[in-house]
Structures are given as structure tokens and as C-alpha cells.
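Below is one structure, written out as C-alpha cells; comments come after it.
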Amino acid sequence: MKKVSFAEFGGPDVLQLIDAEEPHAGPGRIRIAVRAAGVNPVDWRVREGQVLGAHPTELPAGVGLDAAGVVDEVGEGVAGVEIGDQVFGEGSSTYAEFAVLSAWARMPEGLTFEEAAGYPSVVETALRVLREVGVLPGQTLLVSGASGGVGSAVLQIARERGITVIGTGGASNQDYLRGLGALATTYGEGWTERVRQLGRVDAALDLAGSGVVRELVELTGDPRRVVSIADLGAPEFGVRFSGVAGSVPDALAEAARLIARGKLHIPVEKSYTLAEAAEAHIDSRAGHTRGRRVIVV
């Protein structure tokens, strides 16, 4: 099969499209013929060799955590899924023609493979950080870097829970953020004062890693009310860095429920081929995403 891999840590140029042995579904796992794979910031962070609190990366390594596709192998002990089912989920080395998933759910009706591939890690991360930051209905949450995939999910899930959300983003994304129910403002000089004019902040999330953790602590008044998924230096300010995925077991089922009810929609901003994985990483690292980027197989 074709698979994106890297044999050394470094820039996007270390990514290679190679011929590789097909993986197989072990106990408690399924294998899918991948139709699309989600592009997440963690993908290029791992490729660069950043230490994210997960298991060390053994080289050569595959790339990708999220995928949507058609089940073609079911491992021992797996129930409730059959060959031919269309699913989306989380696994490893998903930038490939076949991938093994460790968590999955049936794709909601009306969702394309391309759309479905953009949800798994994004929704898991959104649910996890909302839990970790401890924001409650009736309170106000500030989301820095709100227009990307995780931000899009956070805004919609928080609003569904009765939480007021202030979202920062680029000037071109202000209408997008308002469309998701956020009180929107731009980042850049004077952004903290603009936030204060929108209301008191009870908790805050740093989703972009743009060096704003100190200001988020000042706005909330308590480092325990701030969580970052993007700034490895956050602990220096007493702020939790939440970089390990997979800690919300029911995330995919919750995503499917929200999508089916019309309460969650994350647009696909751009799609790429397997051969364009390096371009996808360059674009992802540059930020300014509205929604998701995916690789179509």
C-alpha cells in the first residue's frame, strides 16, 4: 500500500510517500480502507520531534491520527461493527491507503468521508479541554485561536451547554466566529482590552500557541482556569498543557450525536492528496485555518 512516512525528525521535506506492508487489525481493533485522513497540528509537531507527553516516536514512523473509511478487517473481540461499514475514528499512521483504528463510530448520515475525517481528534480535544478548564453553564469562556478545527468544535459544544464564548481570530474570520455563536474579536495589539470590553472572563483556552498564556492568566485571574493545547511553555505560568489525546472514550459517539442533531458542523477548508502531505503540514503550521484540512485517499 501507499503510506506517508518519515525516517528522521525535521521539516516537511522529511515526509515521503512510500510503499509499505499493509497493517492488520489485532484484538480490539478494526482496519479500514482509508478514504480521508484528518490533518492535525500534532501531526507536524511529532514530525518535528517535539515532546508532547505521549510515547516516544520510533523511526521510521507513519503520520496521522484521524481517518474515515470503510471497514475491511475486524479484530478479535470487536462487536457492533461489520466489514463494509462506514466509520470515522482515531488510530495511527492514517495518511495511508489502509489504517488500523483503536476508536471509532459509525459515520452520521449525510456526512462525506472528507468531512468525517476532520472530526475525531478535534472533538476529543474539545471535550477534553472543556472538562479540564472546568467552565460551567452561565459562565464565559475565552478561546484564543478560535477559528481552527478545535476552536470550531469548542465554540459549538460550549454554546450548546449554555456557556458564553468570546473567540479571538483573524479579521477575515470574524463573521465565521459570530456564525458559531461567539462574541468575536481580533488578536493583535490591544486584544486584551477588546476582550475586557466584551465581558468578564471565567476561563480561557489557548488553541493557537501564539504566546498569549500570560495574558490569559491575567484575564481569568487564576492559572488553574487556563488550559493550552499549543504552548509547551504554558506550565511556566502554572497553566496546564493538555497534549495527550484519547482520554475521552465516548468522544466519537458524542460527536456523532451532535452532528446528527445539527449541533456540530466543522467545514473542510482544503483537501490534499497523499503526495501533498508536506504541503498540508506547511499550511497547518502557518495557522489561520477556518475549520479543517484533510487528506483524501
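Computed from a predicted structure; not experimentally measured.
One distance of note links CD of E236 with CZ of F241; it measures 12.5 Å at 0.5 Å rounding. For the atom pair CD1 of I30 and CG of L101, the computed distance is 5.0 Å after rounding to the nearest 0.5 Å. To the nearest 0.5 Å, the span separating OH on Y95 from OG1 on T273 amounts to 12.0 Å. Distance check, rounded to the nearest 0.5 Å: CG of L180 to CD1 of I157 gives 11.5 Å. Expressed to the nearest 0.5 Å, how far CD of E254 lies from NZ of K263 amounts to 12.5 Å. L219 contributes atom CG, which lies 12.0 Å from atom OG1 of T140 (distance to the nearest 0.5 angstrom).
Residues P41 and R285 have side chains not in contact (no heavy-atom distance under 4.5 Å, counting atoms from C-beta outward). In this structure, F9 and L59 have side chains that are in contact, with non-hydrogen atoms separated by less than 4.5 Å. V154 has its side chain within reach of L130: a pair of non-hydrogen atoms, C-beta onward, lies under 4.5 Å apart. Counting only heavy atoms from C-beta outward, the side chains of W104 and V81 approach each other to under 4.5 Å. Counting heavy atoms from C-beta on, the side chains of V217 and D222 never come closer than 4.5 Å. Contact check for Q50 versus W44: side-chain heavy atoms found under the 4.5 Å cut-off. The side-chain heavy atoms of D283 and K270, taken from C-beta on, include a pair separated by under 4.5 Å. Annotation: side chain of L155 is in contact with side chain of V143 (closest heavy-atom distance under 4.5 Å).
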Derivation of the side chain to side chain contact (heavy atoms under 4.5 Å, CB included) call for D206 and I229:
CA-CA 6 Å; D206 166 36; I229 67 167; over 6 Å; no
Between L205 and V133, is a side chain to side chain contact (heavy atoms under 4.5 Å, CB included) present by the stated rule, with each step listed?
CA-CA 8 Å; L205 298 174; V133 82; 4.0 Å; yes
Where do R293 and S271 land on the side chain to side chain contact (heavy atoms under 4.5 Å, CB included) test, with the steps shown first?
CA-CA 6 Å; R293 303 182 188 276; S271 59; over 6 Å; no
If you apply the rule side chain to side chain contact (heavy atoms under 4.5 Å, CB included), what do you find for E21 with M1, and how did you get there?
CA-CA 6 Å; E21 293 292 325; M1 69 168 188; over 6 Å; no
CA sep, side-chain torsions, deciding dist, call: R261, E160, salt bridge (charged side-chain N to carboxylate O under 4.0 Å, His left out)
CA-CA 11 Å; R261 291 171 49 212; E160 171 71 2; 2.7 Å; yes
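Hydrophobic clustering (side-chain heavy atoms under 4.5 Å, transitive across Ile, Leu, Val, Met, Phe, Trp, Tyr) groups V78 together with V71. A continuous path of Ile, Leu, Val, Met, Phe, Trp and Tyr side chains, each step under 4.5 Å between heavy atoms, connects V87 with V74, placing both in one hydrophobic cluster. V268 and V123 fall into different hydrophobic clusters, where Ile, Leu, Val, Met, Phe, Trp and Tyr are joined by side-chain heavy atoms under 4.5 Å apart, directly or via other members. Connection of I166 to I163 is not established within any shared hydrophobic cluster, with ILVMFWY side chains joined at heavy-atom distances below 4.5 Å, either directly or through further cluster members. Hydrophobic clustering (side-chain heavy atoms under 4.5 Å, transitive across Ile, Leu, Val, Met, Phe, Trp, Tyr) keeps V100 apart from V63.
Between the side chains of T192 and E215, no donor-acceptor pair of N or O atoms lies under 3.5 Å. A side-chain N or O of R225 and one of Q139 form a donor-acceptor pair less than 3.5 Å apart. Inspection of the Q16 and S5 side chains reveals no N or O donor paired with an N or O acceptor under 3.5 Å. With 3.5 Å as the limit, one finds no donor-acceptor pair spanning the side chains of Q156 and H265.
Side chain of R45 to backbone of A230: a donor-acceptor contact under 3.5 angstrom is found. Distance alone, capped at 3.5 Å, places no donor-acceptor pair between the D231 side chain and the S228 backbone. Using a distance-only test at 3.5 Å, with no hydrogens or angles considered, a donor-acceptor pair links the side chain of T220 to the main chain of L216. Between the S121 side chain and the D66 main chain, no donor and acceptor come within less than 3.5 Å of each other. In this structure a side-chain-to-backbone donor-acceptor pair under 3.5 Å is present from R159 to G181. Judged purely by atom type and a 3.5 angstrom limit, Y272 has no side-chain atom pairing as donor or acceptor with the backbone of H281. One N or O on the side chain of T168 and one on the backbone of G145 form a donor-acceptor pair closer than 3.5 Å. Side chain of R292 to main chain of G118: a donor-acceptor pair is present (N/O by atom type, distance under 3.5 Å, no hydrogens or angles). The backbone N or O of G170 lies less than 3.5 Å from no partner atom in the side chain of N173, so there is not a single donor-acceptor pair. Formation of a donor-acceptor pair under 3.5 Å by the R47 side chain with backbone atoms of G10 is found in this model.
The shortest heavy-atom contact between A68 and A117 is CB-N, 3.8 Å. Looking at every heavy atom in both residues, P223 comes nearest to V239 through O-CG2, 3.8 Å. A146 and G167 get closest at one heavy-atom pair: CB-CA, 3.8 Å. Between D43 and G38 the shortest heavy-atom distance is OD2-O, 3.6 Å. When every heavy atom of N40 is checked against every heavy atom of S284, the shortest pair comes out as C-OG, 4.3 Å. Here the shortest heavy-atom pairing between A153 and I266 reads CB-CD1, 4.0 Å.
Residue-environment remark: CZ (R178) exceeds the threshold of 12 foreign heavy atoms within 6.0 Å. The 12-atom threshold is exceeded at CD of E193, counting heavy atoms of other residues, nucleotides or ligands nearer than 6.0 Å.
Across R35, M107, R106, a single residue satisfies side-chain contact (heavy atoms from CB on, under 4.5 Å) together with Q86, and that is M107.
Partners of T186 under the side chain to side chain contact (heavy atoms under 4.5 Å, CB included) rule, at least two apart in sequence or in another chain, are A171, Q174, R194.
Under a cutoff of 6.0 Å and an axis angle of 45°, R214 and F237 do not form a cation-pi pair.
At a threshold of 4.0 Å, the pair E132-R240 counts as salt-bridged, since one of the basic side-chain nitrogens sits closer than that to a carboxylate oxygen.
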